[in-house]
Protein chains: 2
Amino acid sequence: MSEITIKYLAQKLNLATSTVSRALNDSHEISETTKRKVTELAKALNFQPNAYAKGLRQQKTKTIGIIVPDRVNPFFNLVIEGAESICRANGYSLIAYNSYEDVEQEKKIVYGLLGGKVDAVIMSLADEEKEAQHLEWLRERNIPVIFFDRVAQHLEGFKFTTNDQESSYLGTKHLLEKGCKKVIYLGLSHTSSVGAARREGFIQAHQELGKALDPACLMEMGHNDKENQEILEKMFFKLTRPDGVLAAAEKLGLAAYRALIKTRIKVPDQVRVVSFTNMQMADLLNPPLSTIAQPAFDMGSACALELIKGLKDKKVDLSEEKRIIIPSVFTPRESSR
Amino acid sequence: MSEITIKYLAQKLNLATSTVSRALNDSHEISETTKRKVTELAKALNFQPNAYAKGLRQQKTKTIGIIVPDRVNPFFNLVIEGAESICRANGYSLIAYNSYEDVEQEKKIVYGLLGGKVDAVIMSLADEEKEAQHLEWLRERNIPVIFFDRVAQHLEGFKFTTNDQESSYLGTKHLLEKGCKKVIYLGLSHTSSVGAARREGFIQAHQELGKALDPACLMEMGHNDKENQEILEKMFFKLTRPDGVLAAAEKLGLAAYRALIKTRIKVPDQVRVVSFTNMQMADLLNPPLSTIAQPAFDMGSACALELIKGLKDKKVDLSEEKRIIIPSVFTPRESSR
DNA sequence: ATGAAAGCGCTAACAA
DNA sequence: TTGTTAGCGCTTTCAT
């Protein structure tokens, strides 16, 4: 590794290692002269303190871990980016882990995370319901954890989510008010808290506007994009086809849109589509789609900010239940043609 | 941190810490009985060795760093994913860093990386031409580095790239052979090796097929999506508009496609578009676009594989010049309508 | 204002 | 086969 150490600097300057250490850490009990000499030599030799020695000695690493179920997903990707920006601004490093939607993998990461590699963790869970032994284990070890998006159901703590139900409600209301007679809901999983909330908002809008809702309109889709598209194509070919779509995930919105193109149905003139998405993708989506954009980056930075605040300020108890809502942004769009 | 240590295990079992350490590392000089006792207790207490102590002692961390210019970009994102899968399979951790296309940031990361945080580095450079002091510094410190995509021009080493020129040549040839009379090239920067190669392939195709090439057709675009789209819209409105587009970046392909939709020009009937992209996005792009897809995931895994091989096998010299090509996949598409 | 020395948790010589 | 001991590079009492 880097062969130049504090000891080496101390020898060169005829000082004790402790003095050099203090000088580098800008201790008040070191003379300005010595400080200058030390920092100058350190800069000249491009000295980098050994992070592992520091971590071992201080029992903290100035590193935060973030675990997401799918790092490739732009939403999580942007959350990581947002968290990283805050960490960097506060002198922390961020290490991102991918649980691949698998609780076992998540456990491995959590247990491996320890060994003192991180001071705290930001998590979006692979499974909100399942056993949370590994989370309790973190708590026992006094590793602060903050949850976002897919939050722990059976454990108290800070939880950052979006206003899923409200957004879904607004999007659905928009469709109904624009005159849609038959609106379908496309969801991925209503067992997750996120899925359940979006589904609830959809139902709520129908109830409040006094519109009948055929249970068959609540559609649960799979993860295979091709299959989803085929199912939707068949549906749009029928005469009884819907004239409104609320897609609870970006990929479902895209699948619906592509199915509509394939079946030569005009969007939004014949069928209106509202899709959940995230800020970055919102502008890339073709203009005829209305979007409910999650401020992913902001969510990441908010989590990191709160976590670092809790790390510094002992008065903040990160293990007490607290729910913070980062609101989505609904953008209705008309055709640009 | 984790309060349970080797010392604690040793006390519980009336053994020396060294014995416990050896048992946990499956040393041959420890009896099966002792091994079993130790591993059982370790598992029961969910003991995790302190990574920092280990790293400090062994002077290696079983961790690899990867630095990319833009982590959010799906291409780099997938490279990271590919590298991570290989690392994980080989017992290594991967830490991803974002240089934000900024050499200064990149330097900070490189220098900070040291302090013994990683054993080796995979990089795609923020700037291929600029001063490579930080890279030479890594070399002096015997930290192996492998480059991909945006590779070092003034430093020897292992370099993974795609067959940019050939792909670009094939894509352009496809357009010309399909009867396009005026093909434009949309590039982001021809100072990068990648940009230059793609531009070269475009020119080469024109030459080999004996087609005249108006220099005005070699367009250099900016990073602002909106501006790009507006420029292209204006161009497509003109009577002298091109009937073929080779987009050297995914975002440029999208900009062109959206401009074509806006100007109501049919793709691919009136204008054909070939766009560079990556495997994951290829299927998401609307079918009328032909794609040159880079196997980003494979590139990441190839880099990691070679690096780990070099780390294990002292016979492999990672500092000698070696260029490895991971070929792109060209998929011509006709309209699906 | 500076130095000496202990120790974070682990591994690896060297001893037994 | 197991134990003793030193030391990785750093910070932090405690002395001076």
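Labels below follow one simple rule: chain letters A, B, ... track the order of the sequence lines, proteins then strands, and each chain is numbered from 1.
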Spacing between Phe47(B) atom CZ and dG9(C) atom P, to the nearest angstrom: 10 Å
Distance test, side-chain N/O of Thr34(B) to OP1/OP2 of dT2(D), below 4.0 Å: yes
Close residues, residues 36-43 of chain A, relative to DNA chain D [heavy-atom separation under 4.0 Å]: none
Gln48(B) CD - dC10(C) P separation (whole Å): 11 Å
Lys108(A), NZ atom: more than 12 neighbouring heavy atoms under 6.0 Å: no
Counterpart residues, side chain to side chain donor-acceptor pair (under 3.5 Å), relative to Glu106(A) (two or more places apart): His134(A)
Value in whole Å for how far the P atom of dG9(C) lies from CD of Gln58(B): 17 Å
Each nucleotide N or O in nucleotides 13-16 of chain C that has a protein N or O under 3.5 Å away: list the pair and distance.
from	atom 1	to	atom 2	distance (Å)
dA13(C)	N6	Arg22(B)	NH1	3.3

Over 12 foreign heavy atoms within 6.0 Å of OH, Tyr111(B): yes
Pair Phe160(B) and Phe148(B), ring centroids less than 6.0 Å apart: no
Salt-bridge contact Asp119(A)-Lys62(A) (side-chain N to carboxylate O under 4.0 Å): no
Spacing between His28(A) atom NE2 and dT2(C) atom P, to the nearest angstrom: 13 Å
Step-by-step side-chain hydrogen bond (donor to acceptor under 3.5 Å, both in side chains) determination, Ser21(B) to Ser18(B): CA-CA 5 Å; Ser21(B) 171; Ser18(B) 53; over 6 Å; no
Which nucleotide in dT4(D), dC8(D), dC10(D) has an atom nearest any side-chain atom of Leu56(B): dC8(D)
Sugar-phosphate, base or nothing in reach of Ser21(B), heavy atoms under 4.0 Å: base
Sugar-phosphate, base or nothing in reach of Ile6(A), heavy atoms under 4.0 Å: sugar-phosphate
Of the listed nucleotides dT2(D), dC10(D), dC8(C), the one nearest the side chain of Gln59(A): dC8(C)
Salt bridge present between Glu40(A) and Lys43(A) (N-O < 4.0 angstrom): no
Full working for side-chain hydrogen bond (donor to acceptor under 3.5 Å, both in side chains) between Gln105(A) and Ser99(A): CA-CA 5 Å; Gln105(A) 196 60 44; Ser99(A) 68; over 6 Å; no
DNA chain D: 5'-proximal contact among Ala53(B) and Asn25(A) (nearest heavy atom): Ala53(B)
Minimum side-chain heavy-atom gap Glu156(B)-Glu320(B) below 4.5 Å: no
Short N-O contact, Arg36(B) and Glu32(B), less than 4.0 angstrom: no
Spacing between Gln11(B) atom CD and dT2(D) atom P, to the nearest angstrom: 18 Å
Separation of dC8(C) P from Ile4(B) CD1 (nearest whole Å): 16 Å
Under-4.0 Å side-chain N/O to phosphate OP1/OP2 contact, Thr19(B) with dG3(D): yes
Between P of dG7(C) and CG of Asn50(B), the distance in whole Å: 18 Å
Leu15(B), nearest nucleotide to its side chain (from dT1(D), dT2(C), dG3(D)): dG3(D)
Nearest-Å distance for atom pair NZ/C1', residues Lys7(A) and dA5(C): 13 Å
